[in-house]
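Keep in mind it's a predicted model, so treat the numbers as computed, not measured. Every chain is numbered from 1 and lettered A, B, ... according to where its sequence line falls, protein lines coming before strand lines. Values below: all heavy atoms of this structure, side chains included; hydrogens, waters and symmetry mates excluded.
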2 protein chains.
Amino acid sequence: MKNIIIASTSTLHGSGYLEYILEDLEFFFKDVKEIIFIPYARPGGISHDEYTEKAKEAFSKINISVTGLHTFDNPNKAIKNAEGIFVGGGNTFVLTNQLYKNNLIDVLKKAINNGTRYIGTSAGSNICGLTIKNTNDMPIIYPPSFNALALVPFNINPHYLDPDLNSKHMGETRETRIKEFHHFNTHPVVGLREGSWLYVKDDSITLKGALTARVFEYNKQPYEVEPNTELNTLK
Amino acid sequence: MKNIIIASTSTLHGSGYLEYILEDLEFFFKDVKEIIFIPYARPGGISHDEYTEKAKEAFSKINISVTGLHTFDNPNKAIKNAEGIFVGGGNTFVLTNQLYKNNLIDVLKKAINNGTRYIGTSAGSNICGLTIKNTNDMPIIYPPSFNALALVPFNINPHYLDPDLNSKHMGETRETRIKEFHHFNTHPVVGLREGSWLYVKDDSITLKGALTARVFEYNKQPYEVEPNTELNTLK
């Protein structure tokens, strides 16, 4: 009974917050009047209130009201009762730590697996995978675990970036990093370019947006998949 | 009695492994005949043997022999008896995890604080800070802690990279990431550009190489420091 959008980013260059995906969100949330926003990832360290305002503003354009999870006395109960949930980007370690600290991992997992509509962007997408081991974020907080919500049977690398062939910088490319991951872990990784998302409906997982995605499987050459490809067989 | 080189990178674009710093290493290790190499960071997932060969080849040019720490039955004892130690780059999480797993954090700290000459590059430099929370690496392994060797009273960000003003990519810049860190942590971070290193001699910490470094202090605007500046007062 899953109904999930796992988006690479909230914002495309030169466009407003969630603007590129707003029409799809309107359709996705068509019977939903109110969603809960989880502001824990705190991009740039902004407060939960400030971040919730940003989400509120975007969703007001499609007539959905937004309440920050941090405003509930009982966040656990709030998740259980939610019509829909949005987890925004920021720092994946900060987000994951806060979810563990507030004992929300299991309740979130259960609600989403039972059909509560969920949209994640960036860090909010990282936590949909098996672990957060393919985040691009700086580990500024030590969370109790790297295990995530496991809503899909693989990991997500959001903001996937192709190697810059002109760069003289000696830091690793994204592809090198993900290949390194497969020396220590065996599950697949889906690299989602900005503007792409996965739509998960029950057992079906489909790539959406205009771009291809890059799939990394253990002991295989990485490969591209076209929009509208189903990724159900990945595991 | 410290004698430490904390280098941003092992390799400059278009130059060989350790080539840019080899003359300085010859001087640094002038009475040392043999060093121990810690290959745990495994760049690109290569084996400990392969990685040690690479270090061996570079140090043979300055007549220093290299033995991989993984070849000792008792790595703890090997560190205690080492004339010099080199920790190469790769993945900081893999490196840190392996150091904890082999109970080497304390013995390394003690040896280096007692004067065993140490050179770290990239991941090998990250572990010289208070924590590894400013690594650029992907968290492909969950280590028992992010606490590091604390050989200097701040954190290191190696391969420091200035923002690319032409980029349309929405991932965070390095500066944004380090500023985010300071919403959750208070100690300083030194961003070392490729080709820069810190030379730590007893209580003195000096920036070396041709480039400026970028210093991030809690609640201050980040600023540049010139080569040969002493960073002793940072804490």
Side-chain angles (χ1 to χ4, degrees), chain A residues 8-15 41-47 89-94 97 121-122 131-147 155 157-162 164 167-172 174 176-185 189 193-195, chain B residues 8-15 41-47 89-94 97 121-122 131-147 155 157-162 164 167-172 174 176-185 189 193-195:
Chain A
S8 174
T9 187
S10 61
T11 314
L12 290 185
H13 185 79
S15 147
R42 299 181 57 192
I46 60 171
S47 73
N91 187 288
T92 305
F93 296 90
V94 175
N97 186 59
T121 59
S122 195
T131 72
I132 61 165
K133 288 182 179 174
N134 297 99
T135 174
N136 311 306
D137 296 338
M138 203 172 250
I140 60 179
I141 287 272
Y142 183 71
S145 167
F146 284 170
N147 291 335
N155 274 6
N157 179 252
H159 302 279
Y160 184 77
L161 193 59
D162 293 292
D164 173 0
S167 174
K168 294 194 161 78
H169 189 72
M170 300 301 284
E172 297 86 353
R174 192 66 59 80
T176 304
R177 291 167 191 271
I178 299 175
K179 282 182 179 168
E180 239 174 39
F181 167 83
H182 276 144
H183 283 274
F184 301 93
N185 305 270
V189 182
R193 293 187 177 84
E194 291 179 344
Chain B
S8 174
T9 188
S10 61
T11 314
L12 290 184
H13 186 78
S15 144
R42 299 181 57 190
I46 60 170
S47 73
N91 187 288
T92 305
F93 297 90
V94 175
N97 187 59
T121 60
S122 194
T131 71
I132 61 164
K133 288 181 179 174
N134 297 99
T135 175
N136 310 306
D137 296 337
M138 202 171 251
I140 59 179
I141 287 273
Y142 183 71
S145 167
F146 285 171
N147 290 336
N155 275 5
N157 179 250
H159 302 279
Y160 184 77
L161 193 59
D162 292 294
D164 173 1
S167 174
K168 294 195 161 78
H169 190 74
M170 300 300 284
E172 296 87 353
R174 192 68 58 81
T176 304
R177 291 167 192 270
I178 299 175
K179 282 182 177 167
E180 240 175 37
F181 167 82
H182 276 144
H183 283 274
F184 301 93
N185 304 269
V189 181
R193 293 187 177 85
E194 292 179 345

Can you tell me which portion of Asn157(B) sits under 4.5 Å from chain A's heavy atoms? Options are side chain, backbone, both or neither.
side chain

For residues Pro144(A) and Asn97(A), report the shortest heavy-atom separation together with the two atoms involved.
CD-OD1, 3.5 Å

With a 4.5 angstrom heavy-atom cut-off, could you sort out which part of His159(B) is near chain A: side chain, backbone, both or neither?
both

Max heavy-atom pairs within cutoff under 4.5 Å with chain A, candidates Thr131(B), Thr135(B), Asn134(B), goes to Asn134(B)

Close side-chain approach of Asn91(A) to Ile141(A), heavy-atom, < 4.5 Å
no

Greatest number of heavy atom pairs closer than 4.5 Å to chain B - which of Pro158(A), Gly14(A), Ser145(A), Pro43(A)
Ser145(A)

Starting at NZ of Lys133(A), measure out to CZ of Phe181(A) and round the result to the nearest 0.5 Å.
6.5 Å

Atom group of Asn185(B) that falls short of 4.5 Å from chain A, counting heavy atoms:
side chain

Less than 4.5 Å to any heavy atom of chain A: does that hold for the side chain of Ile178(B), its backbone, both, or neither?
both

Of the listed residues (Thr176(B), Asp137(B), Ile46(B)), which shares the most heavy-atom pairs with chain A below a 4.5 Å separation?
Asp137(B)

Given a strict heavy-atom distance threshold of 4.5 Å, which part of His13(A) is in contact with chain B: side chain, backbone, both, or neither?
both

Bottom line for Arg42(B): the part with an atom under 4.5 Å from chain A's heavy atoms is both

Return the CD to CZ distance between Glu180(A) and Arg177(A), rounded to the nearest 0.5 Å.
8.0 Å

Answer with yes or no after comparing the ring centroid distance for Phe184(A) and Tyr142(B) against a 6.0 Å cut-off, counting only values under it.
no

Pairwise distance OG1(Thr9(B)) to CD(Glu194(B)) - rounded to 0.5 angstrom
5.0 Å

When rounded to the nearest 0.5 Å, the distance separating CD1 of Ile140(B) from OG1 of Thr92(B) is 10.0 Å

